Amino acid sequence: LRMPEKARLFEAGGTVHVVTTDAERAGPEGARVHRLAAGPGGVDLERLMSLLGELEFNEILVEAGAILKGRLLRAGLVDELLVYMAPVIMGEGARGLADIGILGNMAERLHFDLLDSAVVGSDLRLRLRPRKET
């Protein structure tokens, strides 16, 4: 509920949906506010995906930081991952792509299939699909 009342999102037309765990505060004027129970680290993501299905959302694009990406990946809620890689090295203080926690061994790592790649300007774009373990 930190969205500015005058956010450009409201200028695009259509319904703006806001999801929160806050049962008290009012949402931005003009938005349809959905209140969900909290899960570990924030909104219960599985319930959120169910809600979006009920609202007939067919595709969801999530632009997220490392924490939310990690939560979505660990919950198995990612169908496809777009990764843009710049030709730079950030160093040890930089945030990783996704916070999936500390792995106890290599068997816990996440595997992906490369669907395609492209050069976008000076960056590399990878389109990945989480590999279904058999």
Side-chain angles (χ1 to χ4, degrees):
L1 298 177
R2 294 178 297 225
M3 177 186 294
E5 294 285 337
K6 302 287 185 201
R8 289 181 50 204
L9 185 62
F10 292 105
E11 298 171 11
T15 304
V16 174
H17 294 267
V18 175
V19 179
T20 181
T21 60
D22 191 330
E24 303 289 322
R25 292 189 348 192
E29 185 175 328
R32 185 167 171 201
V33 178
H34 307 274
R35 300 181 192 283
L36 297 179
V43 170
D44 180 330
L45 294 176
E46 290 188 13
R47 177 64 191 114
L48 173 60
M49 293 302 166
S50 293
L51 170 66
L52 294 174
E54 293 165 14
L55 294 170
E56 299 182 353
F57 280 70
N58 293 320
E59 293 186 22
I60 303 162
L61 174 65
V62 179
E63 184 175 351
I67 293 171
L68 180 55
K69 273 189 288 223
R71 289 185 59 214
L72 289 165
L73 286 165
R74 283 191 312 269
L77 297 172
V78 175
D79 294 325
E80 212 172 84
L81 191 63
L82 286 177
V83 177
Y84 288 85
M85 297 175 60
V88 298
I89 296 175
M90 300 290 287
E92 72 177 60
R95 295 290 303 252
L97 175 70
D99 183 355
I100 61 170
I102 297 172
L103 303 181
N105 57 60
M106 290 296 283
E108 296 175 356
R109 68 190 187 271
L110 302 179
H111 294 268
F112 295 87
D113 292 318
L114 177 63
L115 301 177
D116 66 49
S117 62
V119 175
V120 179
S122 62
D123 296 343
L124 177 62
R125 184 193 74 207
L126 305 174
R127 191 165 63 101
L128 309 169
R129 177 167 293 139
R131 186 175 296 158
K132 305 294 183 204
E133 300 299 325
T134 55

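What you see is a predicted model, and the numbers here were worked out from it, not measured in a lab.
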Please tabulate, for the side chains in residues 63-75, all donor-acceptor contacts under 3.5 angstrom to protein atoms that are two or more places apart in sequence or on a different chain.
from  : atom 1 : to    : atom 2 : distance (Å)
Lys69 : NZ     : Ala64 : O      : 3.1
Lys69 : NZ     : Leu97 : O      : 3.3
Arg71 : NE     : Pro40 : O      : 3.2
Arg71 : NH2    : Pro40 : O      : 3.1
Arg71 : NH2    : Val43 : O      : 2.7
Arg74 : NH1    : Asp99 : O      : 2.6

Smallest separation among heavy atoms of [X] and [Y], with atom names:
X	Y	value
Val33	Gly27	CG2-CA, 3.6 Å
Ile100	Leu103	CD1-CD2, 4.1 Å
Pro87	Ser122	CD-O, 3.2 Å
Pro130	Asp79	CD-O, 3.4 Å

Distance from [X] atom [atom1] to [Y] atom [atom2], nearest 0.5 Å?
X	Y	atom1	atom2	answer
Leu9	Met3	CG	CE	5.0 Å
Thr20	Leu1	OG1	CG	4.0 Å
Leu81	Leu115	CG	CG	10.0 Å
Leu51	Arg35	CG	CZ	13.0 Å
Tyr84	Arg125	OH	CZ	5.0 Å
Glu59	Leu52	CD	CG	13.0 Å

Please determine whether the number of non-hydrogen atoms from other residues, nucleotides or ligands lying under 6.0 Å from atom [atom1] of [X] exceeds 12.
X	atom1	value
Met85	CE	no
Glu108	CD	yes
Arg8	CZ	no

Asp113 and Arg129 ion-paired at < 4.0 Å: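 The answer is no: the pair does not qualify as a salt bridge.
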Any Lys/Arg nitrogen of Arg47 or Glu54 sitting under 4.0 Å from an Asp/Glu carboxylate oxygen of the other?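 Counted as a salt bridge, because a side-chain N and a carboxylate O are separated by less than 4.0 Å.
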Single-linkage hydrophobic cluster [X]~[Y], side-chain heavy atoms < 4.5 angstrom:
X	Y	value
Phe112	Val83	yes
Val88	Leu124	no
Leu114	Leu110	yes

[X] vs [Y] side-chain heavy atoms within contact, under 4.5 Å:
X	Y	result
Leu48	Leu36	yes
His17	Phe57	yes
His34	Val18	no
Ile60	Met49	yes
Glu80	Leu128	no

